[in-house]
Amino acid sequence: MAGMGSYLKKHTEALVKDVGIEPACKLTGKSKATLGRYYSDAEEHADRFMPVDAVAALEAASSYPHVTSALAELKGITLSYNDAPSNKDREGGV
């Protein structure tokens with residue numbers, strides 16, 4: 001778990017830095033200190049990870065789904081990333 005936890009924390013940090021610390025605080029409702037604990041490699045924060053709702057909010061505002069892609073990679077899953085919104089109007093029917 002130690003290696004996996006460290007890997008996820010590095011991607012959590014990349015996500016927060018991608019969005020920016022101040023915007024990340026506003027999007028998640030978390031303080032700078034709390035967000036920092038989510039990606040801290042200090043032993044006292046080893047079992048603290050960002051809640052999935054916070055990850056989803058930040059990934060919606062980020063340039064890349066850092067944590068989702070890390071989770072997929074850990075499971076051996078390949079994702080296809082398309083930055084076009086999936087709910088945009090499409091032509092065609094059922």
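Starting from 1, each residue takes its place in the sequence as its number.
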**Closest non-hydrogen atom pair, S31 against C25** =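 Shortest heavy-atom separation between S31 and C25 comes out as C-SG, 3.8 Å.
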
**Request:** Check L58 against V16 and note the closest heavy-atom contact, atom names and distance.
**Result:** CD1-CG2, 4.1 Å

**Prompt:** Does the side chain of Y64 come under 3.5 Å of the side chain of E59 through a donor N or O and an acceptor N or O?
**Reply:**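 Checked: Y64/E59 side chains show no N/O donor-acceptor pair below 3.5 Å.
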
Would you check if the side chain of [X] reaches a backbone N or O of [Y] as a donor-acceptor pair within less than 3.5 Å?
X	Y	answer
K30	A54	no
S40	G36	no
S6	G3	no
D18	S62	no

**Request:** Find out whether L8 and H11 are in side-chain contact, i.e. whether some heavy atom of one side chain is under 4.5 Å from a heavy atom of the other.
**Result:** no

**Message:** Within the structure provided, determine whether K9 and F49 are in side-chain contact (heavy-atom separation under 4.5 Å).
**Reply:** yes

Should [X] and [Y] be counted in the same cluster of Ile, Leu, Val, Met, Phe, Trp and Tyr side chains packed under 4.5 Å apart?
X	Y	value
I21	V19	yes
Y38	L74	yes
V67	M4	yes
L79	Y7	no

**Asked** Looking at residues at least two apart in the chain, or sitting in another chain, which of them share a salt bridge (charged side-chain N to carboxylate O under 4.0 Å, His left out) with E22?
**Response** K32

**Request:** Could you tell me the separation between the CE atom of M50 and the CG atom of D53, rounded to the nearest 0.5 Å?
**Result:**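 Result: 10.0 Å between the selected atoms.
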
**Asked** Is it true that E13 and K17 have a side-chain N and a carboxylate O under 4.0 angstrom from each other?
**Response**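 A salt bridge is present here (some side-chain N lies under 4.0 Å from a carboxylate O).
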
**Message:** Is it the case that over 12 heavy atoms from other parts of the model lie below 6.0 angstrom from the CD atom of E44?
**Reply:**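 Result for CD/E44: enclosed.
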
